[in-house]
Q: 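Please find one structure pasted underneath; my questions will follow.
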Amino acid sequence: NNGGLDAISSAHRIIDYELQYSLSLSLRKLSSRRLSHEEIITSKGLSSLLYFCQLSHNRDAVRHSALGLQNLSSNTEFRIVLANEGALNVVSKLLTSNDLITSIASAQTLEYLSIPRKLKFIIFENGMGDTICEQIHRTKDGEFLLHAAGILATQKDIQKQMWKQRNNK
C-alpha cells in the first residue's frame, strides 16, 4: 500500500546498514510487480531507489536497488521519467561496479533506457558508450556483454544519424 512506500521514502536516509538493506530489498520485490510501478514512482520510491544505488558502504542495498531500477526500466511508460529523475547518471556509474550482479542490472537498465529516441541522444552525448566499452574489456560475463551489445547497437544508429546531419550542413 501507499503508506508502506511513504514509510520507506521517509526512512531511507537513516544510516543503518540493515535498515537500508531491508528497505532496498522491499523496493526491489515491489518493483517486480508491474502494477506497482506507478505507485513506486509517484510516492518517492524511485528517489529512495536512486539514493540506495549511491551507498558506497552498503553493497547489498546497492545491488537490490539496481535490480529494482532494472524492473522499473522494463516498463515503457516510465523510461523517460526514470531518466528525468537521474537514473541514467546513477546506472552509468554502477556499470563499473565490482559486483557483477549490480553491473549486469545496470547494463540491462541502460539497455531499456536506450530504446526511446530521446534518450538515445542523451546516452550518446554523455559518453556512456565509452564507459560500457571500458567495462566490456574488464568482464567476460556473457549476460553483461549481451546487454552491452544492445546498448551499443542503439548508439550506432545515433552515430550514423548525427554523421548524416553534420554532412548535410
Side-chain angles (χ1 to χ4, degrees), residues 20-21 23-38 40-41 45-56 58-165:
Q20 291 171 340
Y21 170 80
L23 295 175
S24 64
L25 178 60
S26 297
L27 284 168
R28 176 187 147 215
K29 287 184 176 187
L30 190 59
S31 71
S32 66
R33 292 186 58 237
R34 191 174 184 87
L35 295 173
S36 301
H37 290 181
E38 184 173 3
I40 291 170
I41 290 172
L46 176 58
S47 63
S48 297
L49 276 174
L50 294 171
Y51 175 79
F52 291 137
C53 281
Q54 299 175 65
L55 296 175
S56 58
N58 196 334
R59 185 180 107 171
D60 295 324
V62 172
R63 176 187 291 171
H64 288 299
S65 298
L67 290 164
L69 283 176
Q70 174 187 355
N71 291 336
L72 290 176
S73 68
S74 70
N75 190 328
T76 57
E77 295 176 45
F78 298 111
R79 289 179 181 157
I80 302 294
V81 173
L82 288 170
N84 289 339
E85 294 295 320
L88 280 174
N89 292 329
V90 169
V91 296
S92 69
K93 292 175 186 169
L94 293 177
L95 284 170
T96 58
S97 172
N98 290 331
D99 180 54
L100 186 59
I101 294 170
T102 300
S103 184
I104 290 169
S106 299
Q108 185 169 19
T109 300
L110 194 55
E111 182 180 13
Y112 284 138
L113 295 178
S114 71
I115 294 171
R117 187 168 200 62
K118 177 180 177 182
L119 298 180
K120 287 180 187 184
F121 284 105
I122 294 170
I123 292 168
F124 178 79
E125 290 171 348
N126 288 317
M128 292 178 202
D130 296 338
T131 305
I132 294 162
C133 290
E134 290 170 12
Q135 190 65 5
I136 286 171
H137 291 291
R138 287 189 202 122
T139 184
K140 302 299 180 226
D141 181 79
E143 190 174 355
F144 178 87
L145 294 173
L146 176 70
H147 298 304
I151 298 163
L152 294 175
T154 65
Q155 295 303 293
K156 185 176 181 185
D157 296 340
I158 294 301
Q159 288 174 334
K160 285 180 183 178
Q161 193 172 32
M162 291 181 85
W163 184 256
K164 286 179 186 177
Q165 288 175 355

Q: With a 3.5 Å distance limit and no angle check, can you tell me whether Thr139 reaches the backbone of Ile136 through a side-chain donor-acceptor pair?
A: no

Q: Begin with the C-alpha distance, continue with both residues' side-chain angles, and end with the deciding distance and a verdict on side chain to side chain contact (heavy atoms under 4.5 Å, CB included) for Leu95 and Leu110.
A: CA-CA 9 Å; Leu95 284 170; Leu110 194 55; 3.8 Å; yes

Q: Going by heavy atoms in the side chains, are Met128 and Asn89 under 4.5 Å from each other?
A: yes

Q: To the nearest 0.5 Å, how far apart are NE2 in His64 and CG in Leu69?
A: 13.5 Å

Q: Which atom names give the shortest non-hydrogen contact between Ala87 and Leu50, and what distance separates them?
A: CA-CD2, 3.8 Å

Q: Quick one: OG1 on Thr131 to CD1 on Ile123, what's the gap to the nearest 0.5 Å?
A: 11.0 Å

Q: Any donor-acceptor pair under 3.5 Å linking the side chain of Thr154 with the backbone of Ile151?
A: yes

Q: Would you compute the distance between atom CD1 of Ile132 and atom NE2 of His137 and round it to the nearest 0.5 angstrom?
A: 12.0 Å

Q: What pair of heavy atoms forms the shortest contact from Ala61 to Ser24, and how long is it?
A: CA-OG, 3.2 Å

Q: Roughly how far, to the nearest 0.5 Å, is the CG atom of Leu82 from the CD atom of Glu77?
A: 11.5 Å

Q: Considering non-hydrogen atoms only, spot the tightest contact between Gln135 and Ser103 and give its length.
A: NE2-OG, 3.5 Å

Q: Would you check if Leu27 and Leu46 make a side-chain contact, meaning some heavy-atom pair closer than 4.5 Å?
A: no

Q: Please round to the nearest 0.5 Å and tell me the distance separating atom OG of Ser31 and atom CG of Leu49.
A: 6.5 Å

Q: Answer with yes or no whether the side chains of Asn71 and Arg28 bring together a donor and an acceptor at under 3.5 Å.
A: no

Q: Please round to the nearest 0.5 Å and tell me the distance separating atom CZ of Arg59 and atom CG of Asp99.
A: 4.5 Å

Q: Treating Ser114 as the side-chain partner and Glu111 as the backbone partner, does any N or O pair qualify as donor plus acceptor under 3.5 Å?
A: yes

Q: Evaluate the side-chain proximity of Thr109 to Tyr112: yes if any heavy-atom separation is below 4.5 Å, no if none is.
A: no

Q: If you compare all heavy atoms of Val62 against all heavy atoms of Leu55, which two are closest, and at what distance to 0.1 Å?
A: CG2-O, 3.0 Å

Q: Can you confirm whether more than 12 heavy atoms, excluding those of Glu38, are under 6.0 Å from its CD atom?
A: no

Q: Please determine whether the number of non-hydrogen atoms from other residues, nucleotides or ligands lying under 6.0 Å from atom NZ of Lys118 exceeds 12.
A: no

Q: Dump the intermediate steps for side chain to side chain contact (heavy atoms under 4.5 Å, CB included) on Ser47 and Tyr51, then the final yes or no.
A: CA-CA 6 Å; Ser47 63; Tyr51 175 79; over 6 Å; no

Q: Is a side-chain N or O of Arg79 found less than 3.5 angstrom from the main chain of Ser73, in a donor-acceptor match?
A: yes

Q: Give the intermediate values and the outcome of side chain to side chain contact (heavy atoms under 4.5 Å, CB included) for residues Cys133 and Leu152.
A: CA-CA 9 Å; Cys133 290; Leu152 294 175; 4.2 Å; yes

Q: Which heavy atom of Val91 sits nearest to which heavy atom of Ser106, and what is that distance?
A: O-CB, 3.7 Å

Q: Please walk me through it: do Ser48 and Leu23 pass side chain to side chain contact (heavy atoms under 4.5 Å, CB included)?
A: CA-CA 9 Å; Ser48 297; Leu23 295 175; over 6 Å; no

